[in-house]
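One structure below.
Nothing here was measured: the structure is a model prediction, and the numbers come from that model. When reading the values below, keep in mind they use all heavy atoms of this one structure, side chains included, and skip hydrogens, waters and symmetry mates.
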Amino acid sequence: MPPISFRRIAPGISLLPHGILPALLAACAGVGLLSAASLASAQTLGHAPRPRTVVIPASSRSASTDLGQRSHANVRFLAGPSPDELPPFAGYAYETPASLACVYGLVSPSPGCNPNSTTKNPTGGSETIAIVDAYDDPNAAADLAFFSAQFGLPYSASKFKVVYAQGAEPAEDPTGGWELEESLDIEYAHAMAPNATIYLVEAASNYDSDLFPAILVASNLVACGKTTTCPAGSKGKGEVSMSFGGEEFAQEAELDSYFTTPNVVYFAASGDESGVGYPCASPNVICVGGTSNSRSLETGNLIAQIAWSDAGGGVSYYEPIPKYQASNPFIARQLQGYRGVPDVSATANPTTGVWVWDTFPYDGDETGWFTVGGTSVATPVTAGIVNSTGDFAASSAAELSKFYGSSLLFLDGGGFTDITYGACNYYSASYSQIGWDQCTGLGTPNRLR
């Protein structure tokens, strides 16, 4: 595939990669771009892929001085050799929108939910998903359009908008790490709920003093389509997705009120290291942990969903146990009066990662298709899945009360897949078990209604 170049253009104008407009028009008409050759060759892998190193961008690393001041992304990717042609392709079994839709029951199942042969995409989504990130990604709209075209997802420029939370266009992250995060977030929220309107709300920096006001802007966009405070009785509904976080701190509960806009459900990543982070620990947020999709080296078919050992989880130091957890005696005994996370989980292991298209240079020169993981994947995926149900809760607590309160959660064919294999936390001290646990929460979405 020849290299694709971009140039910076005036705000409000999208510049697509050269030669892709016909493909985009086809995608918008519902025509997929998976080649017959790709599908024919996708039935077997036959060998392990070449080794690739997991890269943790600077944007996803924390420092001791960040506590209560700055948040970091939760994204990782695989470096090393990969084919030049467009995904999916033989020899690799990384996830696509269609394979995830199959795994999580958004479409009728196909054997093994194989990324190289499963092509049925989600068709749901409505209302609004607002995604909060730091710094500016000037290629966001073009990247989302290209990603959608490649995987046969509908795309309308009228249903994707970039909003500057502080009013002025933010600076770019010179490392490219936050731009990779932004590409991931918008692409996989859209992939799971392709008919929802997506707002990318860009904070001026990853300081909490910028990110938390951006959360208010995102909340208003969901509730009434405006960046300022919404009038009482606003009818908008939807989700706010936050893939960032940091370590817990003593004053965190003072920020819980940021996640209380009526008819908005908030999602946050549990983090990519042991322990509990914030805003994930807030009782007003659905905390999303991470799993691995175990796939056959021979065929690429799904074997099992298991806990991802690097995902965050555990018991909060500061947040008291919320009613939706305290009402379950099995969970309450584990938590001893404090909030436990995660609530739910989805794919996050970069070695079983997802395809992301990003043309903002990472580390100065790397662009194109990335194989991406981290709970930054799980968060927009889950927000999109919940949006796709069409059942919009009045608050995160209301949504979580429904999740935790169903006595048939794992048995009625619609809810969650209980993850019962794997370990997490410091010293691998926590492990997956029947019911809620500190590694994967209630499990992964399964025909969620």
(message) For the aromatic rings, using the six-membered ring if either is Trp, is the centroid distance between Phe416 and Phe403 under 6.0 Å?
(response) yes

(request) Measure from the side-chain N and O atoms of Arg295 to the backbone N and O of Gly112, and report whether any donor-acceptor pair falls under 3.5 Å. (result) yes

(message) Closer than 3.5 angstrom, by distance alone: can the side chain of Ser396 be matched with the main-chain N or O of Tyr266 as a donor-acceptor pair?
(response) yes

(message) How close do Pro111 and Asn301 get, counting heavy atoms only, and between which atoms?
(response) O-OD1, 3.9 Å

(request) Without swapping roles, check the side chain of Arg76 against the backbone of Pro350 for a donor-acceptor pair under 3.5 Å. (result) no

(request) Rounded to the nearest 0.5 Å, what's the gap from CG on Asn114 to SG on Cys102? Could you check? (result) 9.5 Å

(message) Looking at every heavy atom in both Gly289 and Pro342, which two are closest together, and how far apart are they?
(response) N-CB, 3.4 Å

(message) Classify the ring geometry of His190 against Tyr155: parallel below 30°, tilted from 30° to 60°, perpendicular beyond 60°.
(response) perpendicular

(request) Return yes if some donor-acceptor pair links the side-chain N/O of Ser60 with the main-chain N/O of Ile56 below 3.5 Å, else return no. (result) no

(message) When you compare the side chain of Pro97 with that of Phe147, does any pair of heavy atoms fall below 4.5 Å?
(response) yes

(request) Starting at CD1 of Ile186, measure out to CD of Glu181 and round the result to the nearest 0.5 Å. (result) 11.0 Å

(message) Can you confirm whether Tyr164 sits close enough to Pro170 that some side-chain heavy atom of one is under 4.5 Å from a side-chain heavy atom of the other?
(response) yes

(request) Would you sort out whether Val354 and Leu184 count as a side-chain contact (heavy atoms from CB on, under 4.5 Å), showing the intermediate values? (result) CA-CA 9 Å; Val354 301; Leu184 160 65; 4.2 Å; yes

(request) Mark yes or no for whether Glu202, through its side chain, and Glu169, through its backbone, hold a donor-acceptor pair below 3.5 Å. (result) no

(message) Counting C-beta onward and ignoring hydrogens, is there a side-chain heavy-atom pair between Thr379 and Met242 closer than 4.5 Å?
(response) no

(request) Determine the minimum heavy-atom distance between Gly177 and Tyr362, stating which atoms define it. (result) N-CD1, 4.1 Å

(message) We want to know whether Thr352 and Asn293 form a side-chain donor-acceptor pair, criterion being a heavy-atom distance below 3.5 angstrom.
(response) no

(message) So, taking the atom named CG in Asp418 and the one named CD in Gln433, what distance separates them when rounded to the nearest 0.5 Å?
(response) 9.0 Å

(message) Any heavy-atom pair between the side chains of Glu239 and Ile286 that's under 4.5 Å?
(response) no

(message) Set out, in order, the CA-CA distance, both residues' side-chain angles and the distance that settles side-chain contact (heavy atoms from CB on, under 4.5 Å) for Tyr404 and Asp343, then state yes or no.
(response) CA-CA 9 Å; Tyr404 282 95; Asp343 297 302; 2.5 Å; yes

(request) Calculate, to the nearest 0.5 Å, the distance between atoms OG and CG belonging to Ser183 and Asp137 respectively. (result) 4.5 Å

(request) For residues Lys120 and Ser108, report the shortest heavy-atom separation together with the two atoms involved. (result) NZ-OG, 3.4 Å

(request) Using modelled atom types only, decide if a donor and an acceptor are shared between the side chain of Asn121 and the backbone of Phe151 within a distance under 3.5 Å. (result) yes

(message) Go through it in stages, so that I can follow the logic: the residues are Phe146 and Leu86, the test is side-chain contact (heavy atoms from CB on, under 4.5 Å), and I'd like the CA-CA distance, side-chain angles, deciding distance and then a yes or no.
(response) CA-CA 11 Å; Phe146 185 88; Leu86 300 174; 4.2 Å; yes

(request) Calculate, to the nearest 0.5 Å, the distance between atoms SG and CG belonging to Cys230 and Leu221 respectively. (result) 8.0 Å

(request) Evaluate the side-chain proximity of Pro283 to Phe259: yes if any heavy-atom separation is below 4.5 Å, no if none is. (result) no

(message) Are Glu187 and Asp143 packed together at the side-chain level, in the sense that at least one heavy-atom pair is separated by less than 4.5 angstrom?
(response) yes

(request) Indicate the atoms forming the closest heavy-atom contact of Pro115 with Ser99, along with that distance. (result) CA-CB, 3.8 Å

(request) For a side-chain hydrogen bond (donor to acceptor under 3.5 Å, both in side chains) with Ser292, tell me which candidate from Thr347, Asp310, Asn349 qualifies. (result) Asn349

(message) Could you tell me if the side chain of Val381 sits less than 4.5 Å from the side chain of Tyr104, heavy atoms only?
(response) yes

(request) Could you check if a side-chain atom of Ser345 sits within less than 4.5 angstrom of a side-chain atom of Ile419, using non-hydrogen atoms only? (result) no

(request) Return yes if some donor-acceptor pair links the side-chain N/O of Asp136 with the main-chain N/O of Glu172 below 3.5 Å, else return no. (result) no

(message) Within this structure, what is the CD1-CG distance for the pair Ile385 and Leu100, rounded to the nearest 0.5 Å?
(response) 7.5 Å

(message) Under a 3.5 Å distance rule, please check whether Gln325 uses its side chain to pair with a backbone N or O of Ile331 as donor and acceptor.
(response) no

(request) Kindly give the heavy-atom pair with the smallest separation between Ala203 and Leu211, and that separation in Å. (result) CB-CD2, 3.9 Å

(message) Going by side chain to side chain contact (heavy atoms under 4.5 Å, CB included), Phe392 matches just one of Asn263, Val222, Asn387. Which one?
(response) Asn387

(message) Between Gln305 and Thr291, is there a side-chain donor-acceptor contact under 3.5 Å, judged purely by atom types and distance?
(response) no

(message) One pair to check against side-chain contact (heavy atoms from CB on, under 4.5 Å): Leu180 and Phe77. What are the steps and the verdict?
(response) CA-CA 9 Å; Leu180 178 61; Phe77 68 93; 3.7 Å; yes

(request) Take atom CZ of Phe212 as the centre, draw a 6.0 Å sphere, and report whether it contains more than 12 heavy atoms from other residues, nucleotides or ligands. (result) yes

(request) Output yes when a side-chain donor or acceptor of Thr375 lies under 3.5 Å from a complementary backbone atom of Gly271, and no otherwise. (result) yes

(message) Please tell me whether Phe370 and Tyr94 form a close aromatic pair, meaning their ring centres lie under 6.0 Å apart.
(response) no

(message) I'd like to know if the side chain of Asn206 reaches the main chain of Ser71, judged simply by a donor and an acceptor atom lying under 3.5 Å from each other, with no hydrogens or angles considered.
(response) yes

